[in-house]
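What follows is a short report on a single structure.
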Amino acid sequence: MHPFSISRATDPATAIAAHAGDPHLAFIAGGTDLLGLIKDRAALPERLLDINALPNMAWIEALPDGGLRIGALARMSDVAADAEVRRRFPVIAESLLFAASGQLRNMASTGGNIMQRTRCAYFRDEDGLPCNKRRPGSGCPALYGLNRNHAIFGWSDECVATNPSDVAVAFAALDANVIVSGPSGERSIPFTEFHRLPGNTPECDNVLDRGDLIMAIEVPARIEGRTSYYLKIRDRQSYEFALVSAAAAVAIDRGRIVSARLAMGGVAHKPWRLTAAEAALHGISLDDIDGLKAAIATSFTDARPLAHNAFKVELAQRAAVRALQTAGART
Ligand SMILES: Cc1cc2nc3c(=O)[nH]c(=O)nc-3n(C[C@H](O)[C@H](O)[C@H](O)COP(=O)(O)OP(=O)(O)OC[C@H]3O[C@@H](n4cnc5c(N)ncnc54)[C@H](O)[C@@H]3O)c2cc1C
Ligand code: SF4
(Lines give C-alpha, C1' and ligand atoms only; values in the text may rest on other atoms or scores of the structure.)
(Ligands and ions follow the chains in the order given, each with its own letter.)
Protein backbone atom coordinates (compact mmCIF):
# COMPACT_ATOMS: atom_id res chain seq x y z
CA MET A 1 0.00 0.00 0.00
CA HIS A 2 1.25 3.43 -0.93
CA PRO A 3 2.02 5.35 2.32
CA PHE A 4 0.28 8.66 3.04
CA SER A 5 -0.38 10.95 5.98
CA ILE A 6 -3.86 12.22 6.86
CA SER A 7 -5.11 15.33 8.59
CA ARG A 8 -8.51 16.87 9.13
CA ALA A 9 -9.72 20.19 7.70
CA THR A 10 -11.93 22.34 9.89
CA ASP A 11 -12.68 25.31 7.64
CA PRO A 12 -13.01 25.62 3.85
CA ALA A 13 -10.53 28.51 3.42
CA THR A 14 -7.68 26.56 5.02
CA ALA A 15 -8.59 23.42 3.05
CA ILE A 16 -8.60 25.35 -0.24
CA ALA A 17 -5.25 27.02 0.51
CA ALA A 18 -3.67 23.69 1.50
CA HIS A 19 -4.87 22.00 -1.70
CA ALA A 20 -3.84 24.93 -3.91
CA GLY A 21 -0.32 24.99 -2.47
CA ASP A 22 0.46 21.26 -2.41
CA PRO A 23 0.28 19.17 -5.61
CA HIS A 24 0.68 15.96 -3.56
CA LEU A 25 -2.36 16.59 -1.34
CA ALA A 26 -5.84 15.16 -2.08
CA PHE A 27 -9.18 15.84 -0.43
CA ILE A 28 -10.86 12.73 0.94
CA ALA A 29 -14.59 12.47 1.73
CA GLY A 30 -16.04 8.92 1.94
CA GLY A 31 -12.85 7.46 0.50
CA THR A 32 -14.78 4.82 -1.48
CA ASP A 33 -13.16 5.79 -4.78
CA LEU A 34 -9.91 7.39 -3.68
CA LEU A 35 -8.75 4.48 -1.52
CA GLY A 36 -9.41 2.05 -4.38
CA LEU A 37 -7.38 4.24 -6.71
CA ILE A 38 -4.52 4.32 -4.19
CA LYS A 39 -4.61 0.51 -3.85
CA ASP A 40 -4.50 0.22 -7.66
CA ARG A 41 -1.69 2.80 -7.72
CA ALA A 42 -3.78 4.96 -10.06
CA ALA A 43 -3.52 7.79 -7.50
CA LEU A 44 -0.47 8.31 -5.28
CA PRO A 45 -1.17 11.28 -2.99
CA GLU A 46 1.31 11.81 -0.17
CA ARG A 47 -1.12 13.71 2.03
CA LEU A 48 -4.88 13.27 2.44
CA LEU A 49 -7.01 16.09 3.80
CA ASP A 50 -10.21 14.74 5.35
CA ILE A 51 -12.98 17.24 4.56
CA ASN A 52 -15.80 15.50 6.42
CA ALA A 53 -15.78 17.96 9.33
CA LEU A 54 -16.24 21.05 7.13
CA PRO A 55 -19.38 22.88 8.28
CA ASN A 56 -22.65 23.17 6.35
CA MET A 57 -21.65 20.86 3.52
CA ALA A 58 -23.80 17.82 4.28
CA TRP A 59 -27.20 19.53 4.13
CA ILE A 60 -29.94 18.83 1.63
CA GLU A 61 -31.97 21.98 1.27
CA ALA A 62 -35.35 22.16 -0.48
CA LEU A 63 -35.32 25.68 -1.92
CA PRO A 64 -38.54 27.74 -1.72
CA ASP A 65 -38.72 28.09 -5.53
CA GLY A 66 -38.89 24.30 -6.01
CA GLY A 67 -35.16 23.70 -6.57
CA LEU A 68 -32.64 21.87 -4.40
CA ARG A 69 -29.22 22.51 -2.91
CA ILE A 70 -27.36 19.30 -2.12
CA GLY A 71 -24.21 19.75 -0.03
CA ALA A 72 -21.09 18.09 -1.44
CA LEU A 73 -20.75 16.02 1.75
CA ALA A 74 -24.36 14.78 1.71
CA ARG A 75 -24.18 10.98 1.61
CA MET A 76 -25.70 9.19 -1.38
CA SER A 77 -28.07 7.26 0.91
CA ASP A 78 -29.27 10.45 2.64
CA VAL A 79 -29.95 12.19 -0.67
CA ALA A 80 -31.78 9.14 -2.05
CA ALA A 81 -33.96 8.93 1.07
CA ASP A 82 -34.78 12.64 1.32
CA ALA A 83 -38.53 13.18 0.96
CA GLU A 84 -38.22 16.39 -1.08
CA VAL A 85 -35.62 14.91 -3.42
CA ARG A 86 -37.92 11.96 -4.06
CA ARG A 87 -40.94 14.20 -4.58
CA ARG A 88 -39.35 16.96 -6.67
CA PHE A 89 -36.80 14.94 -8.67
CA PRO A 90 -37.35 11.16 -8.54
CA VAL A 91 -34.66 10.78 -11.22
CA ILE A 92 -32.02 11.89 -8.69
CA ALA A 93 -33.17 9.48 -5.98
CA GLU A 94 -33.37 6.58 -8.46
CA SER A 95 -29.95 7.22 -9.97
CA LEU A 96 -28.46 7.04 -6.47
CA LEU A 97 -30.39 3.95 -5.38
CA PHE A 98 -29.32 2.03 -8.48
CA ALA A 99 -25.65 2.81 -7.72
CA ALA A 100 -23.08 0.80 -5.75
CA SER A 101 -24.30 -1.00 -2.58
CA GLY A 102 -26.08 0.09 0.60
CA GLN A 103 -22.83 0.19 2.57
CA LEU A 104 -21.05 2.23 -0.11
CA ARG A 105 -23.95 4.66 -0.41
CA ASN A 106 -23.80 5.26 3.35
CA MET A 107 -20.15 6.35 3.06
CA ALA A 108 -20.00 7.94 -0.38
CA SER A 109 -20.58 11.68 -0.75
CA THR A 110 -22.30 13.52 -3.57
CA GLY A 111 -19.18 15.58 -4.36
CA GLY A 112 -17.01 12.45 -4.38
CA ASN A 113 -19.48 10.71 -6.64
CA ILE A 114 -19.25 13.26 -9.43
CA MET A 115 -15.43 13.22 -9.05
CA GLN A 116 -15.06 9.43 -9.29
CA ARG A 117 -12.75 8.23 -12.03
CA THR A 118 -13.44 5.87 -14.91
CA ARG A 119 -13.81 2.12 -14.37
CA CYS A 120 -11.81 1.34 -17.54
CA ALA A 121 -9.99 -1.87 -16.58
CA TYR A 122 -6.72 -0.72 -18.15
CA PHE A 123 -6.81 2.47 -16.08
CA ARG A 124 -7.56 0.54 -12.86
CA ASP A 125 -4.98 -2.19 -13.51
CA GLU A 126 -2.75 -2.42 -10.45
CA ASP A 127 0.25 -3.53 -12.49
CA GLY A 128 0.18 -0.28 -14.41
CA LEU A 129 -0.65 -1.18 -18.02
CA PRO A 130 -0.19 1.65 -20.53
CA CYS A 131 -3.00 4.21 -20.20
CA ASN A 132 -3.00 7.83 -21.33
CA LYS A 133 -5.31 8.84 -18.48
CA ARG A 134 -2.99 7.35 -15.91
CA ARG A 135 0.34 8.09 -17.59
CA PRO A 136 -0.03 10.65 -20.41
CA GLY A 137 1.72 9.53 -23.59
CA SER A 138 1.77 5.79 -22.72
CA GLY A 139 -1.06 4.88 -25.13
CA CYS A 140 -4.66 3.71 -25.00
CA PRO A 141 -4.88 -0.10 -25.07
CA ALA A 142 -8.69 0.07 -24.97
CA LEU A 143 -8.86 1.75 -28.38
CA TYR A 144 -8.08 -1.57 -30.11
CA GLY A 145 -8.39 -3.87 -27.09
CA LEU A 146 -11.33 -4.77 -24.86
CA ASN A 147 -13.74 -1.89 -25.30
CA ARG A 148 -17.21 -3.34 -24.73
CA ASN A 149 -17.82 -0.93 -21.81
CA HIS A 150 -16.37 2.10 -23.51
CA ALA A 151 -17.62 5.22 -25.29
CA ILE A 152 -19.66 5.57 -28.46
CA PHE A 153 -19.70 9.40 -28.42
CA GLY A 154 -17.01 12.05 -28.08
CA TRP A 155 -13.97 9.80 -27.70
CA SER A 156 -10.52 10.51 -29.09
CA ASP A 157 -7.66 8.27 -30.17
CA GLU A 158 -6.09 9.17 -26.80
CA CYS A 159 -8.93 7.80 -24.63
CA VAL A 160 -12.25 6.00 -25.13
CA ALA A 161 -13.28 5.77 -21.46
CA THR A 162 -16.73 6.47 -20.04
CA ASN A 163 -17.74 8.36 -16.92
CA PRO A 164 -19.15 5.92 -14.32
CA SER A 165 -21.32 8.21 -12.17
CA ASP A 166 -25.07 7.58 -12.25
CA VAL A 167 -26.24 10.70 -10.45
CA ALA A 168 -24.12 12.85 -12.78
CA VAL A 169 -26.43 11.75 -15.62
CA ALA A 170 -29.48 12.94 -13.68
CA PHE A 171 -27.78 16.25 -12.80
CA ALA A 172 -26.84 16.81 -16.45
CA ALA A 173 -30.42 16.19 -17.61
CA LEU A 174 -31.75 18.67 -15.04
CA ASP A 175 -29.28 21.47 -15.87
CA ALA A 176 -27.84 21.43 -12.35
CA ASN A 177 -24.88 23.59 -11.36
CA VAL A 178 -21.75 22.65 -9.43
CA ILE A 179 -20.93 25.26 -6.78
CA VAL A 180 -17.17 25.44 -6.32
CA SER A 181 -15.03 27.49 -3.92
CA GLY A 182 -11.45 28.09 -4.99
CA PRO A 183 -8.50 30.39 -4.30
CA SER A 184 -10.26 33.22 -6.18
CA GLY A 185 -13.70 32.80 -4.63
CA GLU A 186 -16.92 30.95 -5.42
CA ARG A 187 -18.24 30.11 -8.88
CA SER A 188 -21.06 28.11 -10.41
CA ILE A 189 -20.29 25.63 -13.19
CA PRO A 190 -23.14 24.33 -15.40
CA PHE A 191 -23.18 20.57 -14.89
CA THR A 192 -22.91 19.82 -18.61
CA GLU A 193 -19.61 21.77 -18.63
CA PHE A 194 -18.16 20.21 -15.47
CA HIS A 195 -16.83 16.98 -17.04
CA ARG A 196 -14.58 17.12 -20.11
CA LEU A 197 -14.23 15.13 -23.29
CA PRO A 198 -10.84 13.40 -23.47
CA GLY A 199 -9.32 15.18 -26.50
CA ASN A 200 -5.55 15.03 -26.16
CA THR A 201 -5.59 15.55 -22.37
CA PRO A 202 -7.54 12.52 -21.08
CA GLU A 203 -5.83 12.80 -17.70
CA CYS A 204 -8.19 15.73 -16.94
CA ASP A 205 -11.67 14.43 -16.14
CA ASN A 206 -13.23 17.79 -15.33
CA VAL A 207 -12.63 21.54 -15.31
CA LEU A 208 -11.54 21.90 -11.65
CA ASP A 209 -8.17 23.48 -10.80
CA ARG A 210 -5.90 22.95 -7.81
CA GLY A 211 -7.53 24.40 -4.71
CA ASP A 212 -11.09 23.92 -5.98
CA LEU A 213 -13.47 22.49 -3.39
CA ILE A 214 -16.96 21.41 -4.44
CA MET A 215 -19.39 22.94 -1.95
CA ALA A 216 -22.78 21.86 -3.35
CA ILE A 217 -24.85 20.91 -6.36
CA GLU A 218 -27.80 23.18 -7.12
CA VAL A 219 -30.73 21.84 -9.08
CA PRO A 220 -33.06 24.50 -10.49
CA ALA A 221 -36.84 24.18 -10.22
CA ARG A 222 -38.27 22.43 -13.30
CA ILE A 223 -41.78 21.62 -14.39
CA GLU A 224 -40.44 18.29 -15.68
CA GLY A 225 -38.81 17.43 -12.32
CA ARG A 226 -41.62 15.35 -10.83
CA THR A 227 -42.17 13.40 -14.04
CA SER A 228 -38.65 12.09 -14.24
CA TYR A 229 -37.09 8.63 -14.25
CA TYR A 230 -33.68 6.95 -14.29
CA LEU A 231 -33.20 3.72 -16.21
CA LYS A 232 -29.97 1.80 -15.68
CA ILE A 233 -29.01 -1.18 -17.82
CA ARG A 234 -26.17 -3.32 -16.51
CA ASP A 235 -24.79 -6.84 -16.72
CA ARG A 236 -26.34 -7.78 -13.36
CA GLN A 237 -29.14 -6.15 -11.44
CA SER A 238 -27.21 -4.94 -8.42
CA TYR A 239 -23.80 -3.64 -7.46
CA GLU A 240 -22.74 -2.95 -11.02
CA PHE A 241 -21.90 0.08 -13.13
CA ALA A 242 -24.09 1.01 -16.09
CA LEU A 243 -23.55 -0.40 -19.56
CA VAL A 244 -25.97 2.29 -20.63
CA SER A 245 -28.30 4.50 -18.61
CA ALA A 246 -30.89 7.18 -19.36
CA ALA A 247 -32.17 10.07 -17.25
CA ALA A 248 -35.44 11.45 -18.59
CA ALA A 249 -37.64 14.32 -17.41
CA VAL A 250 -40.67 15.29 -19.41
CA ALA A 251 -43.62 17.70 -19.35
CA ILE A 252 -46.81 16.55 -21.05
CA ASP A 253 -49.86 18.49 -22.17
CA ARG A 254 -52.91 16.62 -23.48
CA GLY A 255 -50.82 13.52 -24.09
CA ARG A 256 -48.08 15.28 -26.04
CA ILE A 257 -44.55 16.23 -25.01
CA VAL A 258 -44.12 19.96 -24.43
CA SER A 259 -40.59 19.67 -23.12
CA ALA A 260 -38.15 16.84 -22.57
CA ARG A 261 -34.74 16.53 -20.95
CA LEU A 262 -32.62 13.52 -21.71
CA ALA A 263 -29.08 12.53 -20.76
CA MET A 264 -27.27 9.22 -21.09
CA GLY A 265 -24.62 7.45 -19.06
CA GLY A 266 -22.16 4.76 -20.13
CA VAL A 267 -21.77 6.25 -23.59
CA ALA A 268 -19.12 8.99 -23.25
CA HIS A 269 -16.36 10.52 -21.11
CA LYS A 270 -19.08 12.76 -19.62
CA PRO A 271 -22.85 12.51 -19.15
CA TRP A 272 -24.19 12.83 -22.69
CA ARG A 273 -27.10 15.19 -23.23
CA LEU A 274 -29.41 14.38 -26.19
CA THR A 275 -30.14 17.98 -27.19
CA ALA A 276 -31.19 17.25 -30.80
CA ALA A 277 -33.64 14.62 -29.56
CA GLU A 278 -35.04 16.97 -26.91
CA ALA A 279 -35.97 19.46 -29.65
CA ALA A 280 -37.33 16.76 -31.97
CA LEU A 281 -39.55 15.29 -29.24
CA HIS A 282 -41.69 18.43 -28.96
CA GLY A 283 -45.34 17.67 -29.83
CA ILE A 284 -44.91 13.90 -30.04
CA SER A 285 -47.35 11.63 -28.18
CA LEU A 286 -45.85 9.25 -25.62
CA ASP A 287 -47.84 6.45 -27.29
CA ASP A 288 -46.24 7.12 -30.67
CA ILE A 289 -43.34 4.68 -30.46
CA ASP A 290 -42.17 5.29 -34.02
CA GLY A 291 -42.23 9.05 -33.44
CA LEU A 292 -40.27 8.73 -30.19
CA LYS A 293 -37.70 6.44 -31.83
CA ALA A 294 -37.25 8.80 -34.79
CA ALA A 295 -36.81 11.82 -32.51
CA ILE A 296 -34.24 10.04 -30.35
CA ALA A 297 -32.37 8.79 -33.42
CA THR A 298 -31.55 12.41 -34.30
CA SER A 299 -29.05 12.38 -31.40
CA PHE A 300 -27.33 9.21 -32.60
CA THR A 301 -26.21 10.24 -36.08
CA ASP A 302 -22.75 11.01 -34.70
CA ALA A 303 -22.39 7.82 -32.63
CA ARG A 304 -19.03 6.13 -33.33
CA PRO A 305 -19.00 2.65 -31.80
CA LEU A 306 -15.76 0.75 -31.20
CA ALA A 307 -15.04 -2.88 -32.14
CA HIS A 308 -16.92 -4.41 -29.18
CA ASN A 309 -19.66 -1.95 -28.30
CA ALA A 310 -21.81 -1.38 -31.41
CA PHE A 311 -24.69 -2.93 -29.40
CA LYS A 312 -24.75 0.25 -27.28
CA VAL A 313 -26.08 2.34 -30.17
CA GLU A 314 -29.35 0.38 -30.31
CA LEU A 315 -29.48 -0.29 -26.57
CA ALA A 316 -29.07 3.39 -25.70
CA GLN A 317 -31.89 4.45 -28.03
CA ARG A 318 -34.22 1.83 -26.58
CA ALA A 319 -33.26 2.91 -23.07
CA ALA A 320 -34.05 6.53 -23.90
CA VAL A 321 -37.51 5.62 -25.25
CA ARG A 322 -38.32 3.51 -22.19
CA ALA A 323 -37.06 6.14 -19.76
CA LEU A 324 -39.18 8.80 -21.46
CA GLN A 325 -42.31 6.69 -21.41
CA THR A 326 -41.84 5.70 -17.77
CA ALA A 327 -41.22 9.31 -16.78
CA GLY A 328 -44.28 10.45 -18.75
CA ALA A 329 -46.48 7.83 -17.07
CA ARG A 330 -45.85 9.67 -13.79
CA THR A 331 -47.87 12.69 -14.96
C1 LIG B 1 -17.68 -1.57 -5.72
C2 LIG B 1 -18.16 -0.20 -6.11
C3 LIG B 1 -19.31 -0.09 -6.89
C4 LIG B 1 -19.74 1.19 -7.26
N5 LIG B 1 -20.86 1.31 -8.06
C6 LIG B 1 -21.27 2.54 -8.46
C7 LIG B 1 -22.38 2.71 -9.32
O8 LIG B 1 -23.03 1.74 -9.74
N9 LIG B 1 -22.73 3.98 -9.69
C10 LIG B 1 -22.05 5.08 -9.24
O11 LIG B 1 -22.43 6.21 -9.58
N12 LIG B 1 -20.99 4.95 -8.44
C13 LIG B 1 -20.59 3.71 -8.04
N14 LIG B 1 -19.50 3.58 -7.24
C15 LIG B 1 -18.69 4.75 -6.96
C16 LIG B 1 -19.08 5.45 -5.68
O17 LIG B 1 -20.34 6.01 -5.84
C18 LIG B 1 -18.01 6.50 -5.46
O19 LIG B 1 -16.85 5.80 -5.05
C20 LIG B 1 -18.40 7.50 -4.40
O21 LIG B 1 -19.55 8.21 -4.77
C22 LIG B 1 -17.26 8.49 -4.17
O23 LIG B 1 -17.60 9.32 -3.09
P24 LIG B 1 -16.60 9.46 -1.84
O25 LIG B 1 -17.19 10.45 -0.93
O26 LIG B 1 -16.30 8.12 -1.26
O27 LIG B 1 -15.36 10.05 -2.61
P28 LIG B 1 -13.80 9.92 -2.24
O29 LIG B 1 -13.32 8.56 -2.59
O30 LIG B 1 -13.54 10.42 -0.87
O31 LIG B 1 -13.22 10.97 -3.27
C32 LIG B 1 -13.30 10.74 -4.67
C33 LIG B 1 -12.59 11.90 -5.37
O34 LIG B 1 -13.32 13.11 -5.18
C35 LIG B 1 -12.50 14.10 -4.58
N36 LIG B 1 -13.41 14.86 -3.74
C37 LIG B 1 -14.26 14.36 -2.80
N38 LIG B 1 -15.03 15.34 -2.31
C39 LIG B 1 -14.64 16.50 -2.93
C40 LIG B 1 -15.08 17.86 -2.86
N41 LIG B 1 -16.06 18.25 -2.03
N42 LIG B 1 -14.46 18.78 -3.64
C43 LIG B 1 -13.47 18.40 -4.50
N44 LIG B 1 -13.02 17.12 -4.61
C45 LIG B 1 -13.62 16.19 -3.83
C46 LIG B 1 -11.40 13.35 -3.86
O47 LIG B 1 -10.23 14.13 -3.75
C48 LIG B 1 -11.19 12.18 -4.82
O49 LIG B 1 -10.38 12.59 -5.89
C50 LIG B 1 -19.05 2.33 -6.83
C51 LIG B 1 -17.91 2.21 -6.03
C52 LIG B 1 -17.47 0.96 -5.67
C53 LIG B 1 -16.23 0.84 -4.81
S1 SF4 C 1 -9.75 4.33 -22.48
FE2 SF4 C 1 -8.75 6.00 -21.36
S3 SF4 C 1 -8.64 5.18 -19.31
FE4 SF4 C 1 -8.92 3.41 -20.65
S5 SF4 C 1 -6.88 2.71 -21.30
FE6 SF4 C 1 -7.53 4.20 -22.80
S7 SF4 C 1 -6.62 6.10 -22.02
FE8 SF4 C 1 -6.67 4.72 -20.31
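We count ligands from 1, going down the list as the structure has it; atoms in each ligand are counted the same way. The first residue in the sequence is number 1, and the count goes up from there.
- The closest donor-acceptor contact from the side chain of Asn309 to the backbone of Leu306 lies under 3.5 Å.
- Taking the six-membered ring for Trp and thresholds of 30 and 60 degrees, Phe191 and Phe171 have ring planes inclined between 30 and 60 degrees apart.
- When atom types are taken as modelled, the side chain of Arg105 and the backbone of Leu97 share a donor-acceptor pair closer than 3.5 angstrom.
- Here the protein contributes Cys140 SG as N, O or S atoms under 2.8 Å from atom 6 (Fe) of ligand 2.
- Side chain of Arg75 to main chain of Leu73: a donor-acceptor pair is present (N/O by atom type, distance under 3.5 Å, no hydrogens or angles).
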Salt bridge (Lys or Arg N to Asp or Glu O under 4.0 Å) between Arg134 and Asp125, worked out: CA-CA 10 Å; Arg134 192 160 162 163; Asp125 182 77; 5.9 Å; no
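- Ring geometry for Tyr122 versus His150: interplanar angle of 30 to 60°, hence tilted.
- A salt bridge is defined here as a Lys NZ or Arg NE, NH1 or NH2 lying under 4.0 Å from an Asp or Glu carboxylate O, and Glu126 with Arg41 fails to meet this definition.
- Listed as neighbours of ligand 1 are Phe27, Ile28, Ala29, Gly30, Gly31, Thr32, Asp33, Leu34, Ile51, Ala72, Met76, Ala99, Ala100, Leu104, Ala108, Ser109, Gly112, Asn113, Met115, Gln116, Pro164, Ser165, Asp166, Asp212, Leu213, Ile214, Lys232, Tyr239, Glu240, Phe241, each bearing a heavy atom under 4.0 Å from the ligand.
- In summary, of the residues considered (His195, Arg196, Lys270, Arg117), a side-chain hydrogen bond (donor to acceptor under 3.5 Å, both in side chains) with Asp205 occurs for Arg117 alone.
- Using a cutoff of 4.0 Å between basic side-chain nitrogens and carboxylate oxygens, Arg88 and Asp82 are not scored as salt-bridged.
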